[in-house]
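Notes follow the structure.
Just so we're clear, the structure is a prediction, and the values are computed from it rather than from any experiment.
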Amino acid sequence: MSELDIEEKYNINKLTGFYLPIYRLAYSISEYNSMKKVIKTLRKTLKQPSVESCEFISPDIVLIIGESYNRSHSQLYGYSLPTTPYQYMLHKTGRLVSFSDVISSWNITCESFENMLSLHAVGDKGNWYDFPFFTTIFKQAGYNVYFLSNQFVMNPSKSFSAFIEDIFINDKEISQLQFSYRNENIHQYDIGLLDDYHEREKTSSSHNLWIFHTMGLHAKFSERYPSKWKKFTLADYNRPDLSKEDLEELVDYDNAILYNDYFLYCIVNTFKDKEAVIIFLSDHGERVFDNSIEFGRNLSWNKNDIKQQFEIPFWFYFTEAYREKHPEIYKKVLSVKDKRYMTDIISHTLIYLAGISSKYYQSQYDILNPAYNQKRKRIIRNQREYETIN
């Protein structure tokens with residue numbers, strides 16, 4: 001079974017048999033035709049002026065987008081094993097503020113990305129591609145926008161993705177409208193993205209948006225961390241309900257989280273002397289044997305399956321210089337950390353952090369704005385409200 005097959009490992013039933021290879025091929029052909037319309041619309045939409053002014057409030061904004069991160073396996077969120085010692089340590093300093101009730105809008109990378117990039121909110125009229133992306137707004141405002149990805153690169157032979165949907169990232173014209181720079185190669189481990197950063201940091205300006213997109217916890221889990229980072233073993237788990245093979249998957253998943261924790265710490269440490277705000281979230285979660293003997297994402301509406309695949313870690317980190325310069329933003333984050341949130345509206349908060357004035361910004365979707373509507377329906381997979389699933 002390939003990595004991609006594992007990522008999209010769906011149960012074969014009337015809802016999910018569609019994801020068998022032969023049906024996925026047919027679906028890809030259909031998607032290709034529909035995406036022609038999407039790309040045509042995006043090329044027009046992203047060229048439209050979207051910025052009135054910019055205060056450049058935050059000199060360096062760092063957005064780290066993880067992959068397949070089930071927050072229940074994070075020590076920061078109460079997991080029984082010490083999988084995130086660095087994040088736990090940063091949390092104790094008070095500069096890392098973790099949010100308690102954040103979900104993704106999809107359990108598939110491309111769909112989740114589309115919603116995060118677009119200023120369209122799930123549930124509103126229109127389509128995600130009818131609205132500008134926050135990346136294009138930042139670029140129009142005068143920020144350098146860097147996209148350092150360990151999955152999506154412009155050279156198809158080097159790209160991990162096998163989905164036609166990712167052309168909203170990899171279409172050349174659309175990419176140029178969004179980004180000032182993109183890396184050209186993927187790395188065996190995510191730590192290689194820091195080499196890409198240091199290469200571009202030499203030519204960065206006083207106003208930068210850095211987007212790190214990791215391979216994170218993408219299956220195959222054993223390939224997401226160097227062997228020297230294998231801390232957890234079979235002996236650390238009391239799961240007689242799991243086969244040895246499945247238990248090894250669980251062990252590898254937690255070791256991958258441990259290594260990911262180190263990578264996140266390295267990014268924080270890299271920006272420690274800058275006036276920077278760092279935000280970490282995952283594109284979606286992962287089903288990894290929590291209260292079950294199954295793993296791999298699916299399309300069921302089982303509450304336990306949904307919890308694992310949609311509940312994600314989300315936190316802000318403030319460097320010392322940033323917190324001293326912007327104490328009001330730090331206080332705002334502390335005051336909202338327990339509010340309900342879904343990542344499809346992250347763009348509105350990013351725009352606020354930059355001090356960008358745009359007609360597309362909506363205060364009701366900015367969690368740092370007093371007008372934020374935490375009672376909005378969190379609709380996942382464009383189908384059902386998260387709070388109604390039982």
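Of the charged side-chain nitrogens involved, none lies within less than 4.0 Å of a carboxylate oxygen, so that Asp290 and Lys307 do not count as a salt-bridged pair. Look at Glu199 and Lys202 and you find a salt bridge, because one of the NZ, NE, NH1 or NH2 atoms lies within 4.0 Å of a carboxylate O, short of that distance. Look at Arg71 and Glu286 and you find no salt bridge, because none of the NZ, NE, NH1 or NH2 atoms lies under 4.0 Å from a carboxylate O. Salt-bridge check for Asp246 with Arg239: failed, with every basic side-chain N at 4.0 Å or more from each acidic carboxylate O. Of the charged side-chain nitrogens involved, at least one lies within less than 4.0 Å of a carboxylate oxygen, so that Arg287 and Glu294 count as a salt-bridged pair. Contact check on Glu173 versus Lys47 returns a salt bridge, with a Lys/Arg side-chain nitrogen under 4.0 Å from an Asp/Glu carboxylate oxygen. The pair Glu248-Lys244 meets the salt-bridge criterion, since a charged nitrogen lies less than 4.0 angstrom from a carboxylate oxygen.
Ring geometry for Phe314 against Phe99 counts as perpendicular: the plane angle is over 60°, on a 0 to 90° scale with 30° as the lower cut. Under the 30°/60° scheme for interplanar angles, the aromatic rings of Phe152 and His213 are found to be tilted. Ring orientation note: the planes of Tyr330 and Phe318 are nearly perpendicular, at an angle over 60° on the 30°/60° scale. Using a 30° and 60° split on the angle between ring planes, Phe280 and Tyr69 fall in the perpendicular class, above 60°. Using cut-offs of 30° and 60° for the angle between ring planes, the Tyr253 and Phe221 rings count as perpendicular. Between Phe212 and Trp210, the ring-plane angle classifies as parallel under the 30° and 60° cut-offs.
Judged by the 6.0 Å and 45° rule, Arg224 forms no cation-pi pair with Trp229. Both the sub-6.0 Å distance and the 45° axial angle are not jointly satisfied by Arg182 relative to the ring of Phe147.
Other residues, nucleotides and ligands contribute more than 12 heavy atoms inside 6.0 Å of the NZ atom of Lys339. With a 6.0 Å radius and a threshold of 12 heavy atoms from other residues, nucleotides or ligands, Glu245 has its CD atom at or below the threshold. Other residues, nucleotides and ligands place no more than 12 heavy atoms under 6.0 Å from the OH atom of Tyr88. A 6.0 Å sphere centred on NE2 of His187 holds more than 12 heavy atoms belonging to other residues, nucleotides or ligands. Within 6.0 Å of CD in Gln374 there are more than 12 heavy atoms belonging to other residues, nucleotides or ligands. In Glu55, the CD atom is not crowded: 12 or fewer heavy atoms of neighbouring residues, nucleotides or ligands sit closer than 6.0 Å. By the neighbour-count criterion of 12 heavy atoms within 6.0 Å, atom NZ of Lys325 is sparsely surrounded, having that number or fewer from other residues, nucleotides or ligands.
Note that NE2 of His284 and CD1 of Ile380 are 13.0 Å apart. Values are rounded to the nearest 0.5 Å. Atoms CE and CG, on Met89 and Asp261 in that order, are 8.5 Å from each other to the nearest 0.5 Å. Rounded to the nearest 0.5 angstrom, Asn208 CG and Ser58 OG are separated by 11.5 Å. For the atom pair CD1 (Ile64) and CD1 (Ile278), the distance works out to 6.0 Å, reported to the nearest 0.5 Å. The distance from atom CG of Asp101 to atom CD of Glu387, rounded to the nearest 0.5 Å, is 7.0 Å.
The salt bridge (Lys or Arg N to Asp or Glu O under 4.0 Å) test with Asp344 singles out one residue from Lys377, Arg376, Arg381, Arg378, and that residue is Arg376. With Tyr197 as reference, Phe271 is the one residue of Tyr146, Tyr181, Phe271 to meet the ring pair (Phe, Tyr, Trp, His ring centres under 6.0 Å) rule.
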Working note: Tyr365 + Asp124, criterion side chain to side chain donor-acceptor pair (under 3.5 Å); need CA distance, chi angles, decisive distance, verdict. CA-CA 12 Å; Tyr365 296 142; Asp124 283 357; 2.6 Å; yes
Is there a side chain to side chain donor-acceptor pair (under 3.5 Å) between Trp315 and Gln87? Walk through the geometry before answering. CA-CA 10 Å; Trp315 50 252; Gln87 291 170 72; 2.9 Å; yes
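Looking at Asn144 and Ser204, their side chains never bring a donor and an acceptor atom within 3.5 Å of each other. Using modelled atom types and a 3.5 Å distance limit, the side chains of Asn70 and Tyr79 yield no donor-acceptor pair.
Judged by distance alone, the side chain of Asn255 and the main-chain N or O of Lys231 form a donor-acceptor pair under 3.5 Å. No donor-acceptor distance shorter than 3.5 angstrom exists from the side chain of Asp305 to the backbone of Asn302, with no hydrogens or angles considered. In terms of modelled atom types and a separation under 3.5 Å, the side chain of Thr83 and the main chain of His73 share a donor-acceptor contact.
Shortest non-hydrogen contact noted between Phe263 and Leu193 is CZ-CD1, 4.2 Å.
Phe310 has its ring centre no less than 6.0 Å from the ring centre of Trp106. For Phe138 and Tyr143, the distance between ring centers is under 6.0 angstrom.
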